[in-house]
Amino acid sequence: MRIDVLSIFPELFEAPLQVSLLGKAIEQGILTVSVTDPREFTSDRHRTVDDAPFGGGAGMVMKCEPLFAAVESLSDRNSLRRVILLSPRGQPLTQRVVRELAAEPDLVLICGRYEGVDERVSQALCTDEISVGDYVLSGGELPALIVIEAVSRMLPGVIGDWESVETDSFYDGILGPPQYTRPPVFRDLAAPQVLRDGNHAAIRRWRRKEALRITRERRPDLLGACGEDDRALLKEIEQEEAGPEKEVES
Ligand code: 9D3
């Protein structure tokens with residue numbers, strides 16, 4: 001897959017693309033990321049990419065010309081099927097969106113700065129707008145890195161141990177179970193015995209149940225699409241929690 005990023009701060013992409021999974025995906029040629037600075041597509045002395053908003057008000061707006069010219073310059077190497085603006089007004093990024101993007105041959109990610117970009121960029125240049133959550137950031141660069149990292153994990157060959165993707169939170173839509181490693185007892189804190197007994201059916205069941213317990217506690221909104229086995233485990237959990245609570249309540 002090829003990803004072209006447009007950003008006036010290309011330095012922000014250096015370290016994150018060099019290490020770990022992303023670094024290896026790029027080294028192996030599974031992923032190509034190219035960052036282009038829209039300033040290279042200006043023609044004035046000051047390489048201006050922003051201007052005051054029509055109608056007045058605080059802050060600056062990213063101009064059309066450099067962004068349009070930059071995207072158009074990519075058209076020989078990028079299909080431009082998906083031109084994505086990172087924007088607080090965008091569709092929330094979910095694993096479903098990530099999977100969909102990972103199936104594309106290429107992406108363009110446009111990072112806004114200042115108070116945003118001229119509306120004609122989203123209207124006439126972009127096919128999608130994506131937000132990474134309901135909080136305010138200073139620009140689209142960190143969100144673009146989030147998209148790149150999440151998408152690259154879905155590319156064939158990036159994750160050696162595919163099992164770890166299948167057991168990921170959100171792969172099947174619920175949170176992950178607690179994890180432990182050596183030592184078996186740290187200070188006075190013991191790892192659950194079931195994980196050390198080697199009964200793999202029991203381990204699988206314990207993990208699913210604890211995953212459901214933590215999802216029910218923290219993200220009940222994720223429990224909608226549960227199967228029959230999960231319903232049975234949830235019933236057990238409800239009974240376990242209903243017992244001791246009675247004493248505390250009254
Ligand atoms: C005055 C309205 N502000 C929107 C809440 C303006 C504004 C805030 C922050 C315009 C741009 C930005 C910069 N943020 C992004 O470009 C951004 C973002 C974000 O702030 N939160 C979550 N996802 C994203 S994706 C891009």
Side-chain angles (χ1 to χ4, degrees), residues 1-5 7 10 12-35 77-79 81-84 86 90-109 111 128 130-133 140-182 191-192 195-196 198 200-215 218-219 221-227 229-230:
M1 165 179 256
R2 178 186 178 87
I3 301 179
D4 286 284
V5 180
S7 165
L12 280 172
F13 292 85
E14 280 170 20
L17 295 177
Q18 281 172 27
V19 301
S20 189
L21 223 56
L22 271 176
K24 275 179 211 130
I26 290 168
E27 206 176 85
Q28 292 174 39
I30 298 169
L31 176 67
T32 301
V33 180
S34 170
V35 186
R77 307 184 75 184
N78 193 305
S79 69
R81 279 165 48 87
R82 307 294 285 263
V83 179
I84 300 164
L86 284 310
Q91 163 189 38
L93 185 66
T94 61
Q95 196 62 32
R96 192 186 63 74
V97 174
V98 168
R99 255 190 299 259
E100 192 185 302
L101 296 180
E104 296 287 343
D106 43 54
L107 304 172
V108 178
L109 303 179
C111 307
D128 304 78
I130 291 178
S131 161
V132 297
E141 281 80 5
L142 272 59
L145 283 165
I146 288 172
V147 170
I148 295 168
E149 178 159 306
V151 165
S152 71
R153 293 170 55 78
M154 293 293 112
L155 300 177
V158 170
I159 294 193
D161 181 11
W162 192 251
E163 214 186 291
S164 69
V165 172
E166 291 182 354
T167 58
D168 265 351
S169 296
F170 301 115
Y171 177 83
D172 62 0
I174 69 168
L175 304 181
Q179 302 281 8
Y180 297 85
T181 186
R182 279 182 285 258
L195 297 179
R196 297 190 274 135
H200 294 289
I203 290 171
R204 215 173 309 118
R205 186 179 194 279
W206 182 88
R207 283 188 169 149
R208 189 70 192 175
K209 186 170 173 182
E210 293 312 306
L212 287 165
R213 192 195 306 280
I214 205 154
T215 304
R218 300 186 182 178
R219 295 292 307 276
D221 58 301
L222 298 178
L223 283 177
C226 277
D229 292 358
D230 287 346

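As a basis for the values below, the full set of heavy atoms in this structure was taken, side chains included, without hydrogen atoms, waters or symmetry mates.
Taken to the nearest 0.5 Å, the CD atom of Glu27 stands 12.0 Å off from the CG atom of Leu22. Within the model, atoms CD1 of Ile159 and NZ of Lys24 stand 11.0 Å from one another, a figure rounded to the nearest 0.5 Å. To the nearest 0.5 Å, atoms CG (Leu175) and CG (Leu223) are separated by 8.5 Å. Here CD of Gln28 is found 11.0 Å from CG of Leu155. Values are rounded to the nearest 0.5 Å. Separation of atoms CG (Leu107) and CE (Met1) is listed at 4.0 Å; rounding is to 0.5 Å. For the atom pair Asp128 CG and Leu109 CG, the distance stands at 10.0 Å (nearest 0.5 Å).
Among residues two or more places apart in sequence or in another chain, the salt bridge (charged side-chain N to carboxylate O under 4.0 Å, His left out) test is passed with Arg2 by Asp4. The side-chain hydrogen bond (donor to acceptor under 3.5 Å, both in side chains) search around Arg207 returns none, not counting sequence neighbours. With sequence neighbours excluded, no residue forms a salt bridge (charged side-chain N to carboxylate O under 4.0 Å, His left out) with Arg218. Listed by chain and number, the residues in a salt bridge (charged side-chain N to carboxylate O under 4.0 Å, His left out) with Arg196 amount to none (sequence neighbours excluded). Scanning for side-chain hydrogen bond (donor to acceptor under 3.5 Å, both in side chains) contacts around Asp230 gives Arg208, with sequence neighbours left out.
No donor-acceptor pair under 3.5 Å is formed between the side chain of Asn78 and the backbone N or O of Ile3. A donor-acceptor pair is defined here as one N or O able to donate and one able to accept, closer than 3.5 Å; such a pair exists between the side chain of Asp106 and the backbone of Ser79.
Ion pairing of Arg213 with Glu210 is present here, as a side-chain N (NZ or NE/NH1/NH2) and a carboxylate O approach within less than 4.0 Å.
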- Could you check Val158 against Leu31 for side chain to side chain contact (heavy atoms under 4.5 Å, CB included), going step by step and ending with a plain yes or no? CA-CA 9 Å; Val158 170; Leu31 176 67; 6.0 Å; no

- Task: With side chain to side chain contact (heavy atoms under 4.5 Å, CB included) as the test, would you mind laying out the steps for Leu12 and Cys111 before giving the verdict?
- Result: CA-CA 11 Å; Leu12 280 172; Cys111 307; over 6 Å; no

- Message: Checking Val33 against Phe13 for the side chain to side chain contact (heavy atoms under 4.5 Å, CB included) test, could you report, in this order, the C-alpha distance in whole Å, the side-chain angles of both residues, the deciding distance, and whether it holds?
- Response: CA-CA 10 Å; Val33 180; Phe13 292 85; 5.7 Å; no

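The two residues Leu86 and Gly140 come nearest to each other via the heavy atoms CG-O, 3.8 Å. When all heavy atoms of Leu212 and Cys226 are compared, the closest pair comes out as CD2-SG, 4.0 Å.
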Side-chain donor-acceptor pairs under 3.5 Å in residues 141-152, sequence neighbours left out?
residue, atom, partner, partner atom, Å
Glu141, OE1, Arg113, NE, 2.8
Glu141, OE1, Arg113, NH2, 3.0
Glu141, OE2, Ser7, OG, 2.7
Ser152, OG, Ile148, O, 3.3
Ser152, OG, Glu149, O, 3.0

